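Worksheet: one structure, shown below.
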Amino acid sequence: MSTPVQPAETETALARRYRLELDTSSTSTASWVIVPGIQEFDPAVDPTQQDSTTYEDGGWADSTVTQLAWTVELTLLHRYHPTTKAFNAAQEKLRLAAESFGSGATVHVRWYDREGRADAYEGRALVTWDPDGGATDDLDSVGVTLTGKGAKTAITNPLAGSGS
């Protein structure tokens with residue numbers, strides 16, 4: 001029996017490694033802006049599994065993935081301009097999409113690793129905007145869920161090779 005080699009990867013990635021950007025363009029050419037104030041970021045893919053067990057499986061259950069759905073759940077600190085008091089435009093576009101119908105309810109987003117790793121995606125999503133409320137000493141935060149409309153697409157990380 002051989003002795004296992006110790007892995008060279010000894011550092012733990014930080015949870016704050018993701019950046020979310022929103023396409024604010026009304027044309028086919030994307031215009032990306034950073035969504036600020038992210039406190040929590042949780043991307044997920046949820047598989048739908050159907051039972052595909054047959055007599056040939058000898059009594060062991062078998063399943064087949066028949067569909068994938070993606071979501072990004074995040075908590076935002078609700079940002080505003082100190083002079084004009086206007087809320088951040090990217091956050092405001094998310095809020096307005098959550099209160100819209102049809103194509104107005106869909107946003108185009110991309111998210112990626114801020115250190116340039118290959119973990120980078122984009123897609124179109126519906127928005128749920130859920131203010132957290134709170135006590136008099138709380139910050140104004142909002143729970144946001146982006147529910148994918150179709151596939152998320154792997155993209156080249158915009159920061160690949162930059163290390164920023």
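Residues take their numbers from the sequence shown, with the count starting at 1. The structure displayed is predicted, hence computed values, not measured ones.
- Remark: Asp46 CG to Leu68 CG distance equals 8.5 Å, nearest 0.5 Å.
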Take Thr153 and Tyr121, measure what side-chain contact (heavy atoms from CB on, under 4.5 Å) needs, and give me the verdict at the end.
-> CA-CA 5 Å; Thr153 305; Tyr121 302 93; over 6 Å; no
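- When atom types are taken as modelled, the side chain of Lys152 and the backbone of Thr71 share no donor-acceptor pair closer than 3.5 angstrom.
- The backbone N or O of Thr145 lies less than 3.5 Å from no partner atom in the side chain of Trp129, so there is not a single donor-acceptor pair.
- Asp113 and Asn157 get closest at one heavy-atom pair: O-ND2, 2.8 Å.
- Judged by distance alone, the side chain of Asp138 and the main-chain N or O of Gly133 form no donor-acceptor pair under 3.5 Å.
- Annotation: side chain of Pro47 is not in contact with side chain of Gln67 (no heavy-atom distance under 4.5 Å).
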Report the C-alpha separation of Leu76 and Val35 in whole Å, then their side-chain angles, then the decisive distance to 0.1 Å, and conclude whether the side-chain contact (heavy atoms from CB on, under 4.5 Å) test is met.
-> CA-CA 9 Å; Leu76 296 176; Val35 176; 3.9 Å; yes
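- For the atom pair Ser103 OG and Lys149 NZ, the distance stands at 9.5 Å (nearest 0.5 Å).
- The shortest distance between side-chain heavy atoms of Arg117 and Arg17 falls below 4.5 Å.
- A salt bridge does not link Asp23 with Arg110: every distance from a Lys NZ or Arg NE/NH1/NH2 to an Asp or Glu carboxylate oxygen is 4.0 Å or more.
- Other residues, nucleotides and ligands contribute more than 12 heavy atoms inside 6.0 Å of the NZ atom of Lys93.
- Closest heavy-atom contact between Ser141 and Leu77: CB-CD2, 4.1 Å.
- The structure places CG of Asp132 at 9.0 Å from CD of Gln39, a figure rounded to the nearest 0.5 Å.
- Ring geometry for Phe41 against Trp111 counts as tilted: the plane angle lies between 30° and 60°, on a 0 to 90° scale.
- Interatomic distance, Asp42 CG to Tyr18 OH, rounded to the nearest 0.5 Å: 9.0 Å.
- Trp60 and Val65 fall into different hydrophobic clusters, where Ile, Leu, Val, Met, Phe, Trp and Tyr residues are linked whenever their side-chain heavy atoms come under 4.5 Å apart, directly or through other members.
- Each of Leu139 and Leu74 belongs to its own hydrophobic cluster when Ile, Leu, Val, Met, Phe, Trp and Tyr are linked at side-chain heavy-atom distances under 4.5 angstrom.
- Formation of a donor-acceptor pair under 3.5 Å by the Glu122 side chain with backbone atoms of Ala154 is not found in this model.
- Distance CD/Gln49 to CG/Asp62: 10.0 Å, rounded to 0.5 Å.
- Atom CZ of Arg16 is surrounded by 12 or fewer heavy atoms from other residues, nucleotides or ligands within 6.0 Å.
- Tyr112 and Ile38 fall into different hydrophobic clusters, where Ile, Leu, Val, Met, Phe, Trp and Tyr are joined by side-chain heavy atoms under 4.5 Å apart, directly or via other members.
- Using a 4.5 Å heavy-atom threshold, the side chains of Thr106 and Val127 count as separate.
- What you find for Ala105 and Ser100 is that their closest heavy atoms are CB-O, 3.4 Å.
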Going through the checks in order, is the side-chain contact (heavy atoms from CB on, under 4.5 Å) test met by Val107 and Leu94?
-> CA-CA 7 Å; Val107 295; Leu94 291 173; 4.2 Å; yes
Show the numbers, then the answer: is there a side-chain contact (heavy atoms from CB on, under 4.5 Å) between Ile34 and Arg19?
-> CA-CA 7 Å; Ile34 294 172; Arg19 173 172 288 155; 3.8 Å; yes
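- Looking at Ser31, its side chain never comes within 3.5 Å of a backbone N or O of Thr24 through a donor-acceptor pair.
- With hydrogens and angles disregarded, no donor-acceptor distance shorter than 3.5 Å links the side chain of Asp57 to the backbone of Gly59.
- A continuous path of ILVMFWY side-chain contacts below 4.5 Å connects Trp70 to Leu22, so both sit in one hydrophobic cluster.
- Counting non-hydrogen atoms of other residues, nucleotides and ligands closer than 6.0 Å to CD of Gln6 gives a total of 12 or fewer.
- Rounding to the nearest 0.5 Å places NE2 of His81 at 13.0 Å from CZ of Arg79.
- Between Thr128 and Val144, the closest side-chain pair of non-hydrogen atoms is not below 4.5 Å.
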